[in-house]
Student: 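Before I ask anything, here is the structure I am working with.
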Amino acid sequence: MSHLFSRVSKKLSSFSSRSLSFRRSNFSTVTTPYLLLGRDVVGDSPCGGKLVNFNLYDPKSQKHVKIENQTLTKELNESKWIGSSRGWLASTNKNDSTVHLFNPSKKKTISLPPLTRDKFEHLVNVSVSSSDCCVVAVKFYGSRVSLCRLGDSEWTRVDVPCPSFHSSTIIYSERDERFYLNNCNPDYTGPTDFTPTSNPGLLTPVSGYKRFPFFNFLDEMPEEEEETCLSRFKIQQQLVQSSSGQSFIVCWFVERFNDKGEAAPWGDTSYNNNMEGLCKKTHKIMVFRQDEEQGLGPYTDDIGDLCIFLGDNEAFCLSAKDYSGLNPNSVYFAGHGSGFGICDLASRTISYLSDSPPPGRMFWIPPSSA
């Protein structure tokens with residue numbers, strides 16, 4: 001335990017001075033991925049909305065960025081961010097549940113019908129089928145996926161009856177031209193086509209991605225982290241594809257600690273009444289390449305010059321060659337209450353980029369050219 005905190009604190013000290021510096025930027029020339037940290041209202045806009053300053057983190061320069069005097073319509077200002085995908089920020093209006101998509105670099109807003117849900121229904125993430133935003137998909141915990149095309153008067157509900165997909169995120173595959181839900185069970189043998197049979201041509205197909213078995217998962221786990229001890233982690237599996245069509249399953253391990261620095265396993269209900277007193281940390285991130293020729297999912301610590309961005313956004317990949325300043329062969333993570341940082345895959349080192357992460361959900365926004 002002390003080794004974990006000494007490793008994290010050492011990395012925090014090396015990044016804190018850079019992460020506290022600020023610069024101003026402009027969304028009209030977005031050439032970097034940004035992490036959305038929040039917004040400050042600074043005035044009223046002529047259209048009845050608000051002028052805001054966006055607070056962002058730039059992983060290329062490792063600096064906080066402020067983009068000033070951006071206009072948000074009244075509907076956007078009264079909305080809560082729920083996801084990001086392909087340059088679009090998605091939000092739901094607090095008053096009427098309408099969904100709004102905002103592209104900061106294009107200064108464009110698209111409005112969609114209300115997306116109703118009950119108070120116990122939690123949203124996972126949002127995906128759009130292209131940078132032109134043809135079809136929007138919203139994934140909820142459980143069996144529900146909702147889809148909407150531009151111009152539709154209502155959302156189309158897709159029910160996914162298979163529990164293996166209930167906690168899955170959703171992504172759009174440009175290679176396969178369909179939405180994918182990641183299957184967390186490699187032994188699953190049920191259906192994988194969830195497109196409504198009543199009108200299969202209505203929407204972009206929705207499929208379950210049947211991942212290959214992890215070839216050497218436990219071989220890569222230290223002795224104290226073998227299968228019997230995995231219950232202390234919350235492990236989220238995310239499917240991500242590169243622009244060249246390579247597929248990866250990324251396992252994100254988050255653990256909790258009490259104020260004494262003792263591990264608080266996720267299955268331990270004794271902490272349910274003191275959740276605010278728990279500290280969450282990203283323990284490790286493991287990447288499994290999907291080898292379609294061999295039908296295996298081998299662990300890899302080498303994804304070349306690629307960088308993977310995980311958060312409450314749709315996961316995406318960028319090449320460090322195209323975005324100077326990014327760390328190649330790394331996973332940038334943000335969210336789950338564990339702050340934001342970088343996992344260097346070769347050294348298996350976690351480096352936190354801030355010692356005071358903002359509350360709530362966190363979204364990476366890809367460059368407008370990505």
Student: Just how far is it from atom SG of C317 to atom CD1 of I303, taken to the nearest 0.5 Å?
Tutor: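 With rounding to 0.5 Å, SG (C317) is 6.5 Å from CD1 (I303).
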Student: Do the side chain of N77 and the main chain of K74 share a donor and acceptor less than 3.5 angstrom apart?
Tutor: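 Such a contact is absent between N77 side chain and K74 backbone.
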Student: Please report the interatomic distance CG(L115) to CD1(I82), rounded to the nearest 0.5 Å.
Tutor: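 Those atoms lie 6.5 Å apart.
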Student: Identify whether the distance between the nearest side-chain nitrogen and carboxylate oxygen of R144 and E121 falls below 4.0 Å.
Tutor: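 Looking at R144 and E121, the cut-off is met.
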Student: How long is the span from the CG atom in N327 to the OG atom in S351, to the nearest 0.5 Å?
Tutor: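 OG of S351 is found 8.0 Å from CG of N327.
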Student: Other hydrophobic cluster members with F120, side-chain heavy atoms of Ile/Leu/Val/Met/Phe/Trp/Tyr under 4.5 Å, chained?
Tutor: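 F120 shares its hydrophobic cluster with no other residue.
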Student: Kindly assign one of parallel, tilted or perpendicular to the pair Y299 and F288, based on the angle between their ring planes and the thresholds 30° and 60°.
Tutor: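 Answer is perpendicular, since the angle exceeds 60°.
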Student: Just say parallel, tilted or perpendicular for the rings of F102 and F54, cut-offs at 30° and 60°.
Tutor: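 Parallel: the ring planes of F102 and F54 meet at under 30°.
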Student: Side-chain polar contacts of residues 244-254 - donor-acceptor pairs under 3.5 angstrom, sequence neighbours left out - could you list them?
Tutor:
{"residue": "S244", "atom": "OG", "partner": "S242", "partner atom": "OG", "Å": "3.0"}
{"residue": "Q246", "atom": "OE1", "partner": "R289", "partner atom": "NH1", "Å": "3.0"}
{"residue": "S247", "atom": "OG", "partner": "Q241", "partner atom": "NE2", "Å": "3.0"}
{"residue": "W252", "atom": "NE1", "partner": "T282", "partner atom": "OG1", "Å": "3.0"}

Student: Are the side chains of V138 and V145 in touch, meaning some heavy atoms are under 4.5 Å apart?
Tutor: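 No - every pair of side-chain heavy atoms lies 4.5 Å or more apart.
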Student: Can K139 and V126 be said to form a side-chain contact (heavy atoms from CB on, under 4.5 Å), step by step?
Tutor: CA-CA 6 Å; K139 174 66 171 64; V126 176; over 6 Å; no
Student: Hey, does T98 have a side-chain heavy atom less than 4.5 Å from the side chain of S111?
Tutor: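 A side-chain contact is absent here, since even the closest heavy-atom pair is not under 4.5 Å.
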Student: Any side-chain heavy atom of L35 sitting closer than 4.5 Å to one from F309?
Tutor: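 No. Closest side-chain heavy atoms not under 4.5 Å.
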Student: Work out which heavy atom in T32 is nearest to a heavy atom in P367; give both atom names and the distance.
Tutor: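 It is C-CG, 3.6 Å.
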Student: With heavy-atom distances below 4.5 Å as the criterion, would you say the side chains of Q238 and N182 are in contact?
Tutor: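 Q238 vs N182: side chains apart.
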Student: Taking only residues two or more places apart in sequence or in another chain, which ones pass side chain to side chain contact (heavy atoms under 4.5 Å, CB included) with N258?
Tutor: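 If we apply the side chain to side chain contact (heavy atoms under 4.5 Å, CB included) test to N258, skipping adjacent residues, the hits are K260, E262, Y271, L278.
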Student: Is a side-chain donor-acceptor pair under 3.5 Å present for D302 with T300?
Tutor: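 There is no such pair between these side chains.
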Student: With sequence neighbours left out, what residues match S127 under side chain to side chain contact (heavy atoms under 4.5 Å, CB included)?
Tutor: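 Only S85, I170, Y172, F179, E314 meet the side chain to side chain contact (heavy atoms under 4.5 Å, CB included) criterion with S127.
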Student: Is E255 reaching over with its side chain to a backbone N or O of A263, donor-acceptor style, under 3.5 angstrom?
Tutor: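 Not a single qualifying donor-acceptor pair exists.
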Student: Check salt bridge (charged side-chain N to carboxylate O under 4.0 Å, His left out) between E154 and all other residues, then give those that pass, not counting sequence neighbours.
Tutor: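 Per chain and number, E154 pairs via salt bridge (charged side-chain N to carboxylate O under 4.0 Å, His left out) with no residue.
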Student: Checking Q237 against R211: is there a side-chain donor and acceptor pair closer than 3.5 Å?
Tutor: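 A donor-acceptor contact under 3.5 Å links the two side chains.
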Student: Nearest 0.5 Å, please: how far is NZ in K284 from CD1 in I235?
Tutor: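 The distance works out to 9.5 Å.
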Student: Among all residues two or more places apart in sequence or in another chain, which pass the salt bridge (charged side-chain N to carboxylate O under 4.0 Å, His left out) test with R178?
Tutor: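 Once residues adjacent in sequence are excluded, R178 has no partner under the salt bridge (charged side-chain N to carboxylate O under 4.0 Å, His left out) criterion.
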Student: Please determine whether salt bridge (Lys or Arg N to Asp or Glu O under 4.0 Å) holds for the pair E68 and R39, giving the CA-CA distance in whole Å, both sets of side-chain angles, and the decisive distance to 0.1 Å.
Tutor: CA-CA 10 Å; E68 300 179 325; R39 68 180 189 251; over 6 Å; no
Student: Which residues pass the side chain to side chain contact (heavy atoms under 4.5 Å, CB included) test with E75, sequence neighbours left out?
Tutor: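 Scan of E75 (side chain to side chain contact (heavy atoms under 4.5 Å, CB included), adjacent residues dropped) gives T73, N93, H100.
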Student: Where is the tightest heavy-atom contact between C134 and S129, given as atom of each residue plus distance?
Tutor: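 Distance-wise, the nearest heavy atoms are CB-OG, 3.4 Å.
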Student: Return the set of residues passing salt bridge (charged side-chain N to carboxylate O under 4.0 Å, His left out) with D44 (not counting sequence neighbours), or none when no residue passes.
Tutor: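 Checked D44 against salt bridge (charged side-chain N to carboxylate O under 4.0 Å, His left out); matches are K50.
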Student: Under the criterion side-chain contact (heavy atoms from CB on, under 4.5 Å), I'd like the reasoning laid out for D301 against M286: C-alpha separation, chi angles, the key distance, then a yes or no.
Tutor: CA-CA 8 Å; D301 59 8; M286 301 177 72; over 6 Å; no
Student: Locate the shortest heavy-atom distance separating I365 from F316; write the atom from each residue and the value.
Tutor: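 Minimum heavy-atom separation between I365 and F316: C-CZ, 4.3 Å.
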Student: Check the pair L306, N329 against side-chain contact (heavy atoms from CB on, under 4.5 Å), reporting the backbone distance first and the verdict last.
Tutor: CA-CA 5 Å; L306 291 178; N329 197 37; over 6 Å; no
Student: In terms of hydrophobic clustering (I, L, V, M, F, W, Y; side-chain heavy atoms under 4.5 Å; direct or indirect links), are F194 and V124 co-clustered?
Tutor: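 Not linked; separate clusters.
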Student: Counting N and O atoms only, with roles assigned by atom type, does the side chain of W364 sit under 3.5 Å from a partner on the main chain of L310, one being a donor and the other an acceptor?
Tutor: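 Looks like yes, one N/O pair under 3.5 Å.
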Student: Can you list everything that forms a side chain to side chain contact (heavy atoms under 4.5 Å, CB included) with S243? Sequence neighbours excluded, please.
Tutor: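 Not a single residue meets the side chain to side chain contact (heavy atoms under 4.5 Å, CB included) criterion with S243.
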Student: State the CG-CG distance between N125 and D312, to the nearest 0.5 angstrom.
Tutor: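 Between atom CG of N125 and atom CG of D312 there are 8.5 Å.
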Student: Is there a side-chain contact between L101 and L112 in this structure, where contact means two heavy atoms from C-beta onward sitting under 4.5 Å apart?
Tutor: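 When only atoms from C-beta onward are counted, L112 and L101 do touch, with a gap below 4.5 Å.
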Student: Return each pair, listed once, that meets side-chain hydrogen bond (donor to acceptor under 3.5 Å, both in side chains) where at least one residue sits in residues 159-168; pairs must be two or more places apart or across chains.
Tutor: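 For residues 159-168, and leaving out neighbouring residues, the side-chain hydrogen bond (donor to acceptor under 3.5 Å, both in side chains) pairs sorted by first residue read R157-D159.
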Student: Should L150 and W88 be counted in the same cluster of Ile, Leu, Val, Met, Phe, Trp and Tyr side chains packed under 4.5 Å apart?
Tutor: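 Yes, same cluster.
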Student: Identify the residue among F340, F333, Y332 that makes a ring-ring contact (aromatic ring centres under 6.0 Å, His included) with Y352.
Tutor: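 Single ring-ring contact (aromatic ring centres under 6.0 Å, His included) partner of Y352 among F340, F333, Y332: F333.
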Student: Any side-chain heavy atom of P104 sitting closer than 4.5 Å to one from L89?
Tutor: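 Yes - at least one pair of side-chain heavy atoms lies under 4.5 Å apart.
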Student: Return the minimal non-hydrogen interatomic distance between S79 and S91, and the atom names on each side.
Tutor: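 Minimum heavy-atom contact is CB-OG, 3.4 Å.
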Student: Of all the heavy-atom pairs spanning P161 and P163, show the shortest one and how long it is.
Tutor: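 Answer, listing the atom of P161 first, then P163: O-CD, 3.4 Å.
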Student: Would you say the side-chain atoms of T195 pair up with the backbone N or O of D193, donor to acceptor, closer than 3.5 Å?
Tutor: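 Not a single qualifying donor-acceptor pair exists.
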Student: Given the rule in the side-chain contact (heavy atoms from CB on, under 4.5 Å) test, do N103 and S105 qualify, once you have shown the distances and angles that lead to the verdict?
Tutor: CA-CA 6 Å; N103 189 309; S105 63; 2.9 Å; yes
Student: Would a single hydrophobic cluster contain both L72 and L51, if residues Ile, Leu, Val, Met, Phe, Trp and Tyr are joined by side-chain heavy-atom contacts under 4.5 Å?
Tutor: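 L51 does not cluster with L72.
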Student: Could you grab the distance from atom CG of L56 to atom NZ of K63, nearest 0.5 Å is fine?
Tutor: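 Going from CG on L56 over to NZ on K63, the span is 14.5 Å.
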Student: Could you tell me which residues satisfy salt bridge (charged side-chain N to carboxylate O under 4.0 Å, His left out) with R117, sequence neighbours excluded, listed by chain and number?
Tutor: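 So R117 forms no salt bridge (charged side-chain N to carboxylate O under 4.0 Å, His left out) with any residue.
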Student: Do the side chains of F140 and S146 get nearer than 4.5 Å, heavy atoms only?
Tutor: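 Yes, close enough: below the 4.5 Å cut-off.
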Student: For L326 and A320, work out which heavy atoms get closest and say how close.
Tutor: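 Heavy-atom minimum between the residues: O-CB, 3.8 Å.
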Student: Going by ring-ring contact (aromatic ring centres under 6.0 Å, His included), name the residues that satisfy it together with Y180, two or more places apart in sequence or in a different chain.
Tutor: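 Residues passing ring-ring contact (aromatic ring centres under 6.0 Å, His included) with Y180: Y209.
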Student: Could you tell me if the side chain of T92 sits less than 4.5 Å from the side chain of W81, heavy atoms only?
Tutor: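 Not in contact.
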